[in-house]
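The next block holds one structure in the form of structure tokens; read it before the comments.
Numbered from 1 within each chain, the chains take letters A, B, ... in sequence-line order.
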Amino acid sequence: AQSVTQLGSHVSVSEGALVLLRCNYSSSVPPYLFWYVQYPNQGLQLLLKYTTGATLVKGINGFEAEFKKSETSFHLTKPSAHMSDAAEYFCAVIRSGGYQKVTFGTGTKLQVIP
Amino acid sequence: EAQVTQNPRYLITVTGKKLTVTCSQNMNHEYMSWYRQDPGLGLRQIYYSMNVEVTDKGDVPEGYKVSRKEKRNFPLILESPSPNQTSLYFCASSSQDRIKQYFGPGTRLTVT
């Protein structure tokens with residue numbers, strides 16, 4: 001079985017401050033890990049993904065995440081928050097190889113304070 | 001333009017009245033999936049399909065049916081909707097590796 005835990009359903013940061021959204025996963029086999037963003041009244045959009053190789057992955061809009069196997073974590077960061085980053089962010093995991101279902105976290109709403 | 005379309009976008013119905021939400025993708029993707037999104041619960045997978053005529057249950061399949069007769073279409077069927085199926089529904093598709101899922105715009109369903 002696989003699962004995803006996102007710590008903090010709501011996170012507030014000041015504009016220009018560091019963004020850190022936490023994601024921990026459990027998986028019995030090497031996982032593929034994803035971060036998606038959902039803007040109000042829209043569908044989900046892929047921010048970045050980890051499959052294999054380099055553990056630090058860069059995505060769109062200046063976001064990046066680091067896969068840490070020892071900590072079973074895949075936290076999302078951005079050095080400087082912009083007002084346009086206000087959205088809901090979802091971490092997701094699937095098992096590598098084969099056809100398996102996708103498991104999403106419960107989401108973290110990011111508020112950016114001017 | 002690569003896209004996933006869903007219809008209808010908004011639907012209000014009554015308990016027990018069968019309904020179908022359509023989903024279509026134009027990317028020749030093998031993998032398609034349905035999710036429901038509820039506050040505080042994130043997205044939960046209802047059903048997924050690995051290819052034509054191949055479907056399997058996700059985490060919350062009760063009360064839903066799907067079919068995959070054509071590669072591009074993956075309709076979600078609620079035979080007898082109940083108020084606890086009031087939710088925001090998303091369809092998604094990806095190639096076989098499932099590395100990037102493309103999501104539809106969502107269907108907001110209200111069952112009274």
Side-chain angles (χ1 to χ4, degrees), chain A residues 1-10 21-25 27 29-53 57 59-60 67 74 87-110, chain B residues 2-7 9-10 21 23 25 27 29-61 64 66 68 87-108:
Chain A
Q2 60 198 32
S3 66
V4 175
T5 302
Q6 289 184 242
L7 291 177
S9 59
H10 291 81
L21 304 183
R22 300 178 185 275
C23 173
N24 288 88
Y25 70 91
S27 177
V29 296
Y32 290 168
L33 294 159
F34 307 82
W35 276 100
Y36 285 85
V37 60
Q38 184 181 32
Y39 298 104
N41 301 313
Q42 294 187 25
L44 277 74
Q45 177 183 358
L46 182 67
L47 262 183
L48 49 79
K49 61 184 183 295
Y50 168 79
T51 54
T52 59
V57 293
I60 61 172
F67 170 61
F74 191 58
E88 189 160 20
Y89 294 80
F90 293 93
C91 184
V93 61
I94 58 175
R95 286 174 50 163
S96 58
Y99 295 113
Q100 297 292 337
K101 58 187 180 183
V102 182
T103 301
F104 280 83
T106 53
T108 298
K109 281 190 177 176
L110 176 66
Chain B
Q3 62 180 355
V4 178
T5 57
Q6 294 178 228
N7 283 292
R9 294 288 314 279
Y10 302 90
V21 183
C23 173
Q25 50 94 3
M27 295 165 280
H29 284 161
E30 291 83 7
Y31 186 90
M32 297 186 75
S33 187
W34 275 104
Y35 299 88
R36 60 178 290 173
Q37 182 179 15
D38 302 289
L41 298 177
L43 277 81
R44 293 177 293 168
Q45 195 170 35
I46 303 171
Y47 271 95
Y48 61 97
S49 169
M50 291 77 77
N51 215 324
V52 175
E53 302 291 2
V54 182
T55 63
D56 204 352
K57 297 177 181 179
D59 293 317
V60 288
Y64 303 95
V66 293
R68 187 90 181 273
S87 187
L88 179 58
Y89 292 87
F90 287 101
C91 180
S93 75
S94 69
S95 55
Q96 279 189 348
D97 62 12
R98 296 157 297 133
I99 289 178
K100 181 175 181 179
Q101 287 198 85
Y102 292 80
F103 281 81
T107 295
R108 187 166 293 281

Legend entry - Structural part of A:L44 lying under 4.5 Å from a heavy atom of chain B: both
Inset, instruction - Check each atom of A:Q6 against the heavy atoms of chain B and say whether the ones under 4.5 Å are side chain, backbone, both or neither. - result: neither
Inset, instruction - For a side-chain hydrogen bond (donor to acceptor under 3.5 Å, both in side chains) with B:Y89, tell me which candidate from B:Y35, B:W34, B:Y64 qualifies. - result: B:Y64
Counting only non-hydrogen atoms closer than 4.5 Å, does [X] touch chain A with its backbone (N, CA, C, O), its side chain (CB onward), both, or neither?
X	value
B:Y102	neither
B:L41	backbone
B:Q37	side chain

Inset, instruction - Would you confirm whether A:Q45, through its side chain, and A:V37, through its main-chain N or O, come within 3.5 Å as a donor-acceptor pair? - result: no
Legend entry - Check: B:C91 main-chain N/O paired with B:Q6 side-chain donor or acceptor under 3.5 Å: yes
Legend entry - B:R44, CZ atom: more than 12 neighbouring heavy atoms under 6.0 Å: yes
Legend entry - Candidate pair B:S87 and B:D38, rule side chain to side chain donor-acceptor pair (under 3.5 Å), full reasoning: CA-CA 6 Å; B:S87 187; B:D38 302 289; 2.8 Å; yes
